[in-house]
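Below is one structure; the comments refer to it alone.
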Amino acid sequence: MRARAAEAEPLRGGAPPAPAASAGPTLPRAFFGRPVLDVARDLVGCLVSHDGAAGLIVETEAYHQSEPACHAFVGLTPRTRTLFGPPGRAYVYRSYGIHALLNAVAEEEGTGAAVLIRALEPWAGVEAMRDRRRLERAEELCSGPGKLTQALAIELHPDGADLATGPVRMHPRPPDRPAPRLVTGPRVGITKAADVPWRFCAASSPHVSRPRPPG
DNA sequence: CATGGGATTGACT
DNA sequence: GTCAATCCCATGC
């Protein structure tokens, strides 16, 4: 067993249990088994839930084996096994030795493609998010790919798990929410294929990561 | 088996 | 604006 005290330890003595984030039905497998750019666009507005908290996706990035910024560019290795697997699974990897980053595997089995979830608007279990992040402002809880996994308590464990059955789940856009208008731009923080405009943000959302897209 | 890079964040200048 | 922290895994000797 690894050291996981920070995860298991209650943060405050009398903290009430997080409210159940009943985010409703999950996205079908067929949603993810499509071109990764379509999946990345259509995921904005959808919900992600885990461990008593949930957020609306306000920012995504697409990655595909055909371009060098994608981990799958190097081919099938133990690390990229999940990327080449069936669509609709979670691909979670550690970045910079510290952060767990959440992706949704897209396209058909055998093709390495995924959508990185970069930012959420807190939707349920916000107090649990504040406890985990030790921050108050809603705009800072999930405004980055490493921040949102911390807020939702997602570690590497869900890698390879089905997003329809959990532990990490993805759900359609709540019916009372309008479909967001999208802003497209270059992906953040990469050195290879940095010019490809495969980043999709909900226009004017205060919950997206930096750098904020224009408009 | 040793090394180095990486899709980040938070603290600091 | 800079920079360190930190770990998985691909690569090369």
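When reading the values below, keep in mind they use all heavy atoms of this one structure, side chains included, and skip hydrogens, waters and symmetry mates. Residue numbers start from 1 in every chain, and the chains themselves are labelled A, B, ... in the order their sequence lines are given, proteins ahead of strands.
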(request) Pull out every residue in residues 61-86 of chain A that has a heavy atom closer than 4.0 Å to any atom of DNA chain C, ordered by number, or say none. (result) T77(A), P78(A), R79(A)
(message) Counting only heavy atoms and a strict 4.0 angstrom limit, can you tell me which residues of residues 90-111 of chain A come near DNA chain C?
(response) R94(A), Y96(A), G97(A), I98(A)
(request) Walk me through it: do E140(A) and R133(A) pass the test salt bridge (Lys or Arg N to Asp or Glu O under 4.0 Å)? (result) CA-CA 9 Å; E140(A) 295 178 359; R133(A) 294 271 300 132; over 6 Å; no
(message) Checking base pairs now: Watson-Crick or wobble, both atom distances under 3.5 Å. What partners dT6(C)?
(response) none
(request) Tell which nucleotide pairs with dA7(B), taking only Watson-Crick or G-U wobble pairs whose two distances are both under 3.5 angstrom. (result) none
Are [X] and [Y] within salt-bridge range, i.e. N to O under 4.0 Å?
{"X": "R29(A)", "Y": "D162(A)", "value": "yes"}
{"X": "R89(A)", "Y": "D159(A)", "value": "no"}
{"X": "R130(A)", "Y": "E136(A)", "value": "yes"}
{"X": "E67(A)", "Y": "R187(A)", "value": "yes"}

(request) Send over the distance from D159(A) CG to dC8(C) P, rounded to a whole Å. (result) 12 Å
(message) Going 5' to 3' along DNA chain B, between which two nucleotides do contacts with chain A fall, using a heavy-atom cut-off of 4.0 Å?
(response) dG6(B) to dG10(B)
(message) If you apply the rule side chain to side chain contact (heavy atoms under 4.5 Å, CB included), what do you find for C201(A) with H207(A), and how did you get there?
(response) CA-CA 10 Å; C201(A) 296; H207(A) 302 276; over 6 Å; no
(request) Map K192(A) and G146(A) onto DNA chain B by nearest heavy atom, then report which one ends up closer to the 5' terminus. (result) K192(A)
(request) Using side chain to side chain donor-acceptor pair (under 3.5 Å) as the criterion, list what pairs up with T111(A), not counting sequence neighbours. (result) none
(request) Output all residues satisfying side chain to side chain donor-acceptor pair (under 3.5 Å) with E108(A), sequence neighbours left out; order by chain, then residue number. (result) none
(message) So R187(A), base contact, sugar-phosphate only, or nothing? Heavy-atom distance under 4.0 Å.
(response) nothing
(message) Using a 4.0 Å heavy-atom cut-off, does L116(A) contact any base of the nucleic acid, only the sugar-phosphate backbone, or nothing at all?
(response) base
(request) Go through the structure and list residues passing ring pair (Phe, Tyr, Trp, His ring centres under 6.0 Å) with F31(A), not counting sequence neighbours. (result) none
(message) Is the shortest side-chain heavy-atom distance between F200(A) and R41(A) below 4.5 Å?
(response) yes
(message) Here's a test for you: under side-chain contact (heavy atoms from CB on, under 4.5 Å), which of D51(A), L141(A), T149(A) qualifies with R132(A)?
(response) D51(A)
